[in-house]
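What follows is a single structure, written as structure tokens, with notes after it.
Lettering follows sequence order; numbering is per chain, from 1.
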Number of protein chains: 2
Amino acid sequence: MATGRSHRPATRSRGIPEATVARLPLYLRALTALSERSVPTVSSEELAAAAGVNSAKLRKDFSYLGSYGTRGVGYDVEYLVYQISRELGLTQDWPVVIVGIGNLGAALANYGGFASRGFRVAALLDADAALAGRLVAGLPVRHIDELEAIVVDNQVSIGVIATPAGAAQEVTDRLVNAGVTSILNFAPTVLSVPDGVDVRKVDLSIELQILAFHEQRKAGEGRQEPDGDVPAVMPA
Amino acid sequence: MATGRSHRPATRSRGIPEATVARLPLYLRALTALSERSVPTVSSEELAAAAGVNSAKLRKDFSYLGSYGTRGVGYDVEYLVYQISRELGLTQDWPVVIVGIGNLGAALANYGGFASRGFRVAALLDADAALAGRLVAGLPVRHIDELEAIVVDNQVSIGVIATPAGAAQEVTDRLVNAGVTSILNFAPTVLSVPDGVDVRKVDLSIELQILAFHEQRKAGEGRQEPDGDVPAVMPA
DNA sequence: ATGTCTTTGTGAACGCGTGCACAAAGATGG
DNA sequence: CCATCTTTGTGCACGCGTTCACAAAGACAT
Ligand SMILES: NC(=O)c1ccc[n+]([C@@H]2O[C@H](COP(=O)([O-])OP(=O)(O)OC[C@H]3O[C@@H](n4cnc5c(N)ncnc54)[C@H](O)[C@@H]3O)[C@@H](O)[C@H]2O)c1
Ligand SMILES: NC(=O)c1ccc[n+]([C@@H]2O[C@H](COP(=O)([O-])OP(=O)(O)OC[C@H]3O[C@@H](n4cnc5c(N)ncnc54)[C@H](O)[C@@H]3O)[C@@H](O)[C@H]2O)c1
């Protein structure tokens with residue numbers, strides 16, 4: 001079992017900073033909207049506003065991809081859509097398995113934005129035998145025993161985990177063993193994976209707690225915390 | 001309408017760095033698990049491993065909260081649970097409304113991890129009149145018209161948006177107008193909010209695209225991109 | 001061709017976050 | 001009371017990310 005180092009030091013793959021990679025999908029979404037309205041070109045200022053970022057940041061981000069703009073005019077929308085799609089690897093198909101078809105897993109399976117960008121749900125997996133065969137979003141739920149075969153046969157490299165926290169590590173191990181190298185984890189656990197496997201997590205509970213922190217600050221504005229006001233428990 | 005600057009420059013509220021705030025829930029989760037196993041104390045090394053972070057980082061994070069450790073021993077688990085909870089504002093109740101009770105909204109409503117940490121679902125709201133009154137996770141779905149009254153009456157300060165993208169900005173405006181100052185957005189749109197309102201977004205599609213980017217890199221290992229291989233479309 | 005005007009692409013400065021490495025603090029045992 | 005051993009708390013250096021500000025590039029009109 002690997003130590004789950006999962007924190008590569010901001011890998012900067014071929015010179016594209018991680019922070020930039022995380023924003024490319026945002027730009028792509030804004031550009032796609034422009035494209036649908038048949039807007040031919042867009043300035044960094046306009047596009048930045050649409051994506052909710054600073055325009056200098058956007059220009060610098062694009063500069064990592066190459067010089068795709070025209071001074072005095074802006075960026076060609078279609079061309080940029082293509083370049084970003086290619087950079088993100090969206091010009092190819094990515095088979096995905098979803099494991100754990102409960103409330104969340106079923107919602108994910110039904111999510112339209114999945115297929116829209118080259119992500120194809122190859123299979124839905126669950127340990128509950130009672131679920132097996134049932135159709136969710138038009139796909140039959142398969143039993144978890146079939147995991148390895150499905151991953152290998154469909155060359156699945158991306159797995160989505162929506163099982164309870166207790167099962168997440170075991171599912172991860174099986175996915176990784178079968179050949180999956182990218183995992184999107186919705187279960188509230190820290191996953192251990194070998195080097196070379198990417199894990200991203202989505203954690204509702206953490207997001208809410210961060211909001212609560214700032215909310216508390218807003219409420220306590222001006223009022224000074226006594227700070228010595230610590231009841232009861234103290235360490236030996 | 002405000003410009004939706006939502007990016008405060010790493011606010012550093014009362015000296016606690018934003019990056020630290022984002023990790024506190026992680027520590028809290030690990031500590032809670034220890035607490036349930038009645039472990040009295042824990043070293044920074046052990047806790048860091050459980051939370052999947054560097055131990056020096058963890059110690060520095062805790063140092064922002066105060067000197068709660070004992071050299072040669074470690075940290076008192078219960079005490080730390082209390083301190084972090086207090087810092088995050090989890091010692092009080094946070095009423096939350098969920099807007100858009102479709103696939104995702106219903107899954108969120110059913111999510112147990114919600115109530116477990118002081119977040120109480122005050123109401124479920126949807127525009128679909130056919131849904132009104134139906135029970136989801138034991139709560140009746142209320143019509144969106146009741147939004148303002150519910151927010152005011154329950155002093156709701158946190159809103160969760162799970163509507164289609166097209167409705168998200170309008171829902172946001174209404175929430176903010178009614179007094180909500182923190183928003184967790186699941187719809188794939190950039191939201192504009194006035195200063196003082198926090199927005200956090202959860203975007204499945206973006207996460208997948210980031211994974212795809214790295215996946216593509218792994219696949220293309222060694223093989224050099226010709227880079228001049230750009231078909232068809234070129235800007236004038 | 002030349003000048004003007006717009007917008008890109010980037011050099012440079014700065015601030016935040018991370019991790020090493022170690023001194024100081026305290027526990028523990030004799 | 002002293003020595004030893006463990007573990008914290010932090011000074012420091014470094015690298016990444018952000019933003020400003022501006023020179024250069026190109027479009028467009030005359
Ligand atoms: N529902 C939410 O909104 C939400 C939000 C945030 C996080 N989460 C997390 O997502 C996960 C799923 O949440 P949910 O509400 O859908 O739970 P759920 O109980 O409705 O669904 C879990 C599913 O996983 C299946 N499962 C259990 N063990 C399995 C295994 N070893 N292999 C394959 N499948 C297995 C179960 O049969 C079940 O169908 C949980 O970890 C939860 O904490 C959920
Ligand atoms: N399902 C997922 O896994 C998933 C994942 C990522 C993002 N999202 C996003 O979350 C949102 C919801 O997804 P979903 O799959 O639950 O969609 P859904 O269509 O199942 O549910 C949307 C719900 O919002 C309600 N609604 C529409 N307009 C409204 C309004 N103005 N006010 C209040 N309610 C309104 C609809 O009646 C419906 O019940 C979408 O924006 C989607 O892109 C969903």
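Proximity of a side-chain donor or acceptor of A:Trp94 to a complementary backbone N or O of A:Gly89 within less than 3.5 Å is detected. In terms of modelled atom types and a separation under 3.5 Å, the side chain of B:Ser43 and the main chain of B:Glu46 share a donor-acceptor contact.
With sequence neighbours left out, the salt bridge (charged side-chain N to carboxylate O under 4.0 Å, His left out) criterion links A:Arg59 to no other residue. The salt bridge (charged side-chain N to carboxylate O under 4.0 Å, His left out) test applied to B:Arg29 returns A:Asp203, not counting sequence neighbours. Legend: residues meeting side chain to side chain donor-acceptor pair (under 3.5 Å) with A:Thr189, ordered by chain and number and at least two apart, are absent. Legend: residues meeting salt bridge (charged side-chain N to carboxylate O under 4.0 Å, His left out) with A:Arg71, ordered by chain and number and at least two apart, are absent.
More than 12 heavy atoms of other residues, nucleotides or ligands lie within 6.0 Å of CD in B:Gln92, so this atom counts as buried by the packing criterion.
Closest to the side chain of B:Lys57, out of C:dT18, C:dG17, D:dT18, is C:dT18.
Using a cut-off of 4.0 Å between Lys/Arg side-chain N and Asp/Glu carboxylate O, B:Glu87 and A:Arg217 are scored as salt-bridged.
If you check residues 23-31 of chain B against DNA chain C, the residues with a heavy atom closer than 4.0 Å are B:Arg23, listed by number.
Applying the 4.0 Å criterion to OP1 and OP2 of D:dC20, one finds that A:Asn54 has a side-chain N or O inside that range.
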Nucleic acid footprint by protein, nucleotides 2-10 of chain C - heavy-atom cut-off 4.0 Å, B for base, S for sugar-phosphate alone: ----BBBBB

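One interatomic measurement links the two molecules: CG of A:Asp61 to C1' of D:dC16, which rounds to 13 Å at whole-angstrom precision.
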